[in-house]
Amino acid sequence: MKAMVLNTYGPDAPFELGEVPDPVAIPGHVVVKVAATSVNTVDTMIHSMGADLPLSPKLPAVLGMDFAGTVIAIGEGVSGFAIGDEVFGCAGGLMDLPGSLAQYINADARLIAHKPKTLGMREAAALPLVGITAYEGLTRAGVGEGQTVLVQGGAGGVGHVAVQIARHLGANVSATGRGADQLSLIEGLGARPLDFTTQTVEDYVAEHTDGVGFDVVFDSVGGPNMTNSFEAARLNGHVASTVAMVEIDLTPAHFKGLSLHVVFMLIPMMHDVGRQTHGDILRSLADLVDSGRLKPIVDEQKFGWGNVDAAYAHLTHGGAVGKVVVEL
């Protein structure tokens with residue numbers, strides 16, 4: 001089968017069109033003909049950092065974690081799927097799991113679900129990794145009816161999904177962004193837009209929570225920004241972070257009694273622990289989509305076999321609005 005293969009790692013390493021063996025449906029797996037795959041920040045990190053990142057596959061490597069496509073073969077022991085089913089999931093592109101930048105992917109059936117009926121392949125491919133991440137972070141933090149939630153980075157891939165899920169859970173949602181496009185997107189999703197370039201944390205906490213702080217802060221920016229999340233959270237509040245690879249002083253969190261939830265959604269894929277949880281979340285996300293409560297935003301630029309490098313560069317350089325998708 002055709003695949004986009006990396007033979008070297010590095011910021012400028014090219015994807016090369018090559019031939020790799022066709023996958024065979026092993027027990028517990030299904031072979032999916034890939035229609036589309038999205039590019040996530042972790043994909044660009046693997047592409048750039050290679051062996052410096054413990055989850056990077058050995059070379060030559062086929063990247064791509066998210067996908068949407070059609071089941072063409074079913075392995076022993078798989079139930080709930082049939083040949084011809086349209087599915088979506090996040091099931092490869094790291095360690096020893098071949099990715100979705102290929103004609104076909106052999107996917108663990110626990111990591112996929114039936115594609116939302118109201119989405120095309122392009123939109124469905126944009127949802128799995130960011131959707132699971134947002135869902136896990138918000139539910140672990142116990143978001144519920146009437147709570148105040150702040151999403152840091154509300155126009156990003158994970159952030160724009162977190163805004164919608166938090167609203168579905170009944171929360172009063174605010175989200176940070178910058179520039180007219182991002183703030184307009186946040187407002188269009190039903191959240192209060194906060195321009196972090198013109199408003200301090202102290203200002204928006206005072207204005208929108210009467211100085212008390214937010215019940216839950218979902219931080220999809222992470223790094224040094226985590227200090228802003230601690231400042232924005234109320235006493236005994238919750239902070240969920242998707243980017244906690246940082247050395248930071250936890251003193252503010254201590255004196256506020258904060259609960260910190262670190263979300264690393266790749267753990268089930270990397271360690272084969274709790275994989276069915278991802279399939280279950282994907283089914284919940286599909287229900288939200290088909291009921292009109294969740295819609296992934298896809299960047300307007302289109303990419304295919306011939307310009308995968310450009311797709312990765314588009315996300316890396318910060319020019320994307322919504323998820324970057326490659327159609328195969």
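Side-chain atoms are counted along with the backbone in the values below, which use heavy atoms only and exclude waters and symmetry mates.
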Would you tabulate the side-chain donor-acceptor contacts of residues 32-40 under 3.5 Å, counting partners in other chains and residues two or more places apart, or write 'none'?
from	atom 1	to	atom 2	distance (Å)
Thr37	OG1	Asp66	O	2.6
Thr37	OG1	Ser100	OG	2.9
Ser38	OG	Asp66	OD2	2.8
Ser38	OG	Ala125	O	3.1
Ser38	OG	Lys323	NZ	3.1
Asn40	OD1	Lys323	NZ	3.1
Asn40	ND2	Asp66	OD2	2.9

Backbone of [Y] reached by a side-chain donor or acceptor of [X] within 3.5 Å:
X	Y	value
Ser48	Met45	no
Gln199	Asp195	yes
Asp210	Val212	no
Lys115	Thr70	no
Gln182	Arg178	yes

Check: CD of Glu16: more than 12 outside heavy atoms within 6.0 angstrom?
Finding: yes

Note to self: For Arg167, I'd like to know if atom CZ has over 12 heavy atoms of other residues, nucleotides or ligands within 6.0 Å.
What the structure shows: no

Just grab all the ring pair (Phe, Tyr, Trp, His ring centres under 6.0 Å) pairs involving [range], residues at least two apart or on different chains.
range	answer
residues 95-114	Phe81-His114
residues 269-309	Phe303-His314
residues 171-203	none

Side chain proximity check, [X] to [Y], heavy atoms < 4.5 angstrom:
X	Y	value
Tyr312	Val324	no
Leu315	Asp43	no
Lys2	Glu19	yes
Leu119	Pro296	yes

[X] side, atom [atom1]; [Y] side, atom [atom2] - distance, nearest 0.5 Å:
X	Y	atom1	atom2	value
Leu127	Tyr135	CG	OH	12.5 Å
Ile165	Leu285	CD1	CG	5.5 Å
Thr198	Leu183	OG1	CG	8.0 Å
Asp219	Asn228	CG	CG	8.0 Å
Leu185	Asp181	CG	CG	8.5 Å
Leu97	Asp108	CG	CG	8.5 Å

Next item on the list: Any side chain to side chain donor-acceptor pair (under 3.5 Å) involving residues 147-164? Give me the pairs, sequence neighbours left out, ordered by first then second residue.
Entry: Thr148-Asp215, Gln152-Thr176

Nonpolar side-chain network containing [X], other nodes, edges under 4.5 Å:
X	answer
Ile26	none
Val24	none
Ile248	Leu150, Leu194, Val201, Tyr204, Val205, Phe214, Val217, Met226, Phe230, Val239, Val246, Leu250, Leu258, Leu260, Val262

Hydrophobic clusters here meaning ILVMFWY residues chained together by side-chain heavy-atom distances under 4.5 Å, can you tell me if [X] and [Y] are in one?
X	Y	answer
Leu282	Leu138	yes
Met121	Met65	no
Ile132	Val273	no
Val149	Ile186	no
Val130	Val325	no

Next item on the list: Determine the interplanar angle of the Phe15 and His47 rings, folded into 0 to 90°, and report it as parallel if under 30°, tilted if 30 to 60°, perpendicular if over 60°.
Entry: parallel

Test of understanding: with ring-ring contact (aromatic ring centres under 6.0 Å, His included), list the residues that count as partners of [X], not counting sequence neighbours.
X	value
His29	none
His208	none
His168	none

Check: Pairs in or reaching into residues 286-308: which pass salt bridge (charged side-chain N to carboxylate O under 4.0 Å, His left out), with residues at least two apart or in two chains?
Finding: Glu123-Lys295

Item checked: Considering all heavy atoms, the nearest Ala61-Tyr9 contact -> CB-OH, 3.5 Å

